[in-house]
Protein chains: 2
Amino acid sequence: MTTVDRPYHHGDLRSALLAAAEMELAERGIEAFSLRSVAKRAGVSHAAPAHHFGDANGLLTALAVEGHRQFLACQRRREVAAAADPAAQLVAAGLGYVDFAHERPTLFRLIFASARPKMDDPDLMAAGGASYQHLVDQVTAIGGGPEDLVAAWAMAHGLADLTMSGRFKMISTMDRAAQDAMIARLIRRVTPEGI
Amino acid sequence: MTTVDRPYHHGDLRSALLAAAEMELAERGIEAFSLRSVAKRAGVSHAAPAHHFGDANGLLTALAVEGHRQFLACQRRREVAAAADPAAQLVAAGLGYVDFAHERPTLFRLIFASARPKMDDPDLMAAGGASYQHLVDQVTAIGGGPEDLVAAWAMAHGLADLTMSGRFKMISTMDRAAQDAMIARLIRRVTPEGI
DNA sequence: AGGTTTATCTATCCACTGTCAAGATAATTT
DNA sequence: AAATTATCTTGACAGTGGATAGATAAACCT
């Protein structure tokens with residue numbers, strides 16, 4: 001009955017749904033995420049997403065792929081602003097890791113602490129592999145081995161997760177520059193020979 | 001119509017619901033957690049839990065409190081088996097931290113990566129405070145300051161979270177003893193003066 | 001151009017969920 | 001023994017994800 005309001009076909013519903021989903025995720029959190037709510041926000045029927053993403057987890061899978069891109073973008077943003085030597089680049093990546101958790105907390109949880117994205121999805125596996133490879137490259141560049149990789153990753157991830165969930169009162173009360181300095185020191189601490 | 005099957009009053013429904021909830025959580029994961037399913041498992045009507053826990057998140061809150069107890073128990077189990085010196089005790093606590101994530105993954109996520117437990121609940125705040133205090137004591141015992149606390153916590157938490165979600169292929173393919181040795185080295189790495 | 005196929009979206013239906021309200025039952029108190 | 005309180009059941013409601021069938025529009029053919 002509303003055939004005059006808007007065209008029957010959306011035009012670029014897939015992108016619109018992803019954008020709406022990210023907003024829903026940011027506003028209501030992953031545990032209250034609702035496919036119908038996303039559809040309503042995109043101005044479309046509640047069953048429309050099925051054609052593009054299959055089911056709700058399919059939409060979240062696509063969103064996790066997009067999240068990985070933003071994750072890498074956060075790290076690169078820090079890297080281009082840092083010195084070119086490998087040690088400074090690794091520290092910058094760690095800072096970007098924490099930035100992402102802080103700026104996109106629900107995407108961070110979607111990627112690292114949710115069972116909803118389909119981990120066997122080819123796109124998601126590729127996106128996750130790219131994120132992983134970036135870290136491997138950084139650690140390799142400073143001459144680190146497998147254990148150094150685990151050390152750097154665990155430190156960055158622990159800092160990101162605990163900071164994001166507000167468990168470091170000490171950190172959250174510091175100003176931005178002091179936070180960065182401390183995170184940088186902690187990343188360097190786990191680095192071989194204390195670079 | 002089943003008045004003969006079992007008494008109208010359960011007797012210890014609160015405990016039964018908590019046990020059923022933990023099983024449900026372990027079997028179906030937190031994202032598929034269902035209050036009605038818990039009630040069915042406990043052999044009780046779907047509205048019975050309300051009287052004891054208010055709503056679904058109330059039940060998960062109580063479960064998170066229980067989770068904190070198990071979390072500390074995992075650490076203590078390692079500590080009593082370790083040398084008495086403060087450094088060995090801190091390493092043991094870190095091993096217990098990772099043990100808990102491995103043995104009770106959904107409880108770990110409920111505590112550290114879920115918005116459902118009511119964080120302002122007095123019991124939960126007390127339980128969380130106890131867990132936190134235990135870590136503070138360990139770090140203080142080795143003469144560490146606030147930054148050392150953050151370092152140790154972030155490392156232990158990062159190891160626990162990433163190991164639990166299967167992101168360290170390297171670690172998950174090692175035998176138990178090698179895992180322990182590596183985790184111990186990594187914890188010591190972030191400790192002041194490399195104790 | 002006209003007709004057919006294909007992609008996209010809507011409308012309905014179903015089973016399930018959490019929460020609420022009203023009533024039934026049993027334990028406790030007085 | 002009577003009244004009060006705690007515990008549990010039943011039934012209802014709106015919201016959810018998913019499946020299906022139908023409507024609409026675009027693309028693709030001769």
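Lettering follows sequence order; numbering is per chain, from 1.
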Length of the line joining B/Phe53:CZ and D/dA6:P, which is rounded to integer Å: 17 Å
Salt bridge (Lys or Arg N to Asp or Glu O under 4.0 Å) partners for A/Asp137, two or more places apart: none
Residues in salt bridge (Lys or Arg N to Asp or Glu O under 4.0 Å) contact with A/Glu79, at least two apart in sequence or another chain: none
B/Arg41 vs B/Glu22, salt bridge (Lys or Arg N to Asp or Glu O under 4.0 Å): CA-CA, chis, key distance, verdict: CA-CA 11 Å; B/Arg41 186 188 282 263; B/Glu22 187 171 351; over 6 Å; no
Sequence-distant partners of B/Arg36, salt bridge (Lys or Arg N to Asp or Glu O under 4.0 Å), two or more places apart: none
Gap between atoms CZ and P, on B/Arg41 and C/dT17 respectively (whole Å): 13 Å
Short side-chain to backbone donor-acceptor contact, B/Arg28 and B/Ala32, under 3.5 Å: yes
Side chains of A/Leu110 and A/Pro117 in contact at under 4.5 Å (non-hydrogen atoms): yes
Those residues that, when tested against A/Asp123, pass side chain to side chain donor-acceptor pair (under 3.5 Å) (two or more places apart): none
Selected nucleotide, minimal atom distance to A/Ala47 side chain, candidates C/dC20, D/dC8, D/dT20: D/dT20
Atom pair distance, as rounded to whole Å: NZ in A/Lys40 and C1' in C/dA11: 16 Å
Side-chain donor/acceptor of B/His51 to base of D/dT9, under 3.5 Å: no
Length of the line joining B/Phe33:CZ and D/dG17:P, which is rounded to integer Å: 19 Å
A/His46 side-chain proximity, nearest of C/dC20, C/dT12, D/dT9: C/dT12
Close approaches to DNA chain C from residues 54-61 of chain B, in residue order (heavy atom, under 4.0 Å): B/Asp55, B/Ala56
Polar atom pairs (N or O), protein with nucleotides 3-5 of chain D, under 3.5 Å:
none

Short side-chain N/O contact from B/His52 to OP1 or OP2 of D/dC8, under 4.0 Å: yes
Side-chain cluster (under 4.5 Å, hydrophobic types only) that A/Met125 belongs to, other residues: none
Minimum-distance nucleotide (side-chain atoms of B/Arg28 versus C/dT17, D/dC8, C/dT10): C/dT17
Using a cutoff of under 3.5 Å, can you pull out all pairs of nitrogen or oxygen atoms linking the protein to nucleotides 13-15 of chain D, with atom names and distances?
none

Separation of D/dT16 P from A/Ile30 CD1 (nearest whole Å): 16 Å
With A/Glu66 via salt bridge (Lys or Arg N to Asp or Glu O under 4.0 Å) - residues at least two apart: A/Arg69
Contacting residues from residues 109-123 of chain B, given that a heavy atom lies under 4.0 angstrom of DNA chain D: none
Atom-pair distance (CG on B/Leu35; P on C/dC20), nearest Å: 12 Å
Rounded distance in Å - CG (B/Leu13) to P (C/dA27): 14 Å
Residues B/Arg116 and B/Asp55 bridged, charged N to O under 4.0 Å: no
Ring center gap for A/Tyr97 and A/His102 short of 6.0 angstrom: no
Pairing residues for A/Ser114 by the side chain to side chain donor-acceptor pair (under 3.5 Å) criterion, not counting sequence neighbours: B/Glu31
Ring geometry between A/Phe112 and A/Phe108 (parallel below 30°, tilted from 30 to 60°, perpendicular above 60°): tilted
A/Leu124: hydrophobic cluster co-members (side-chain, 4.5 Å): A/Val65, A/Met119
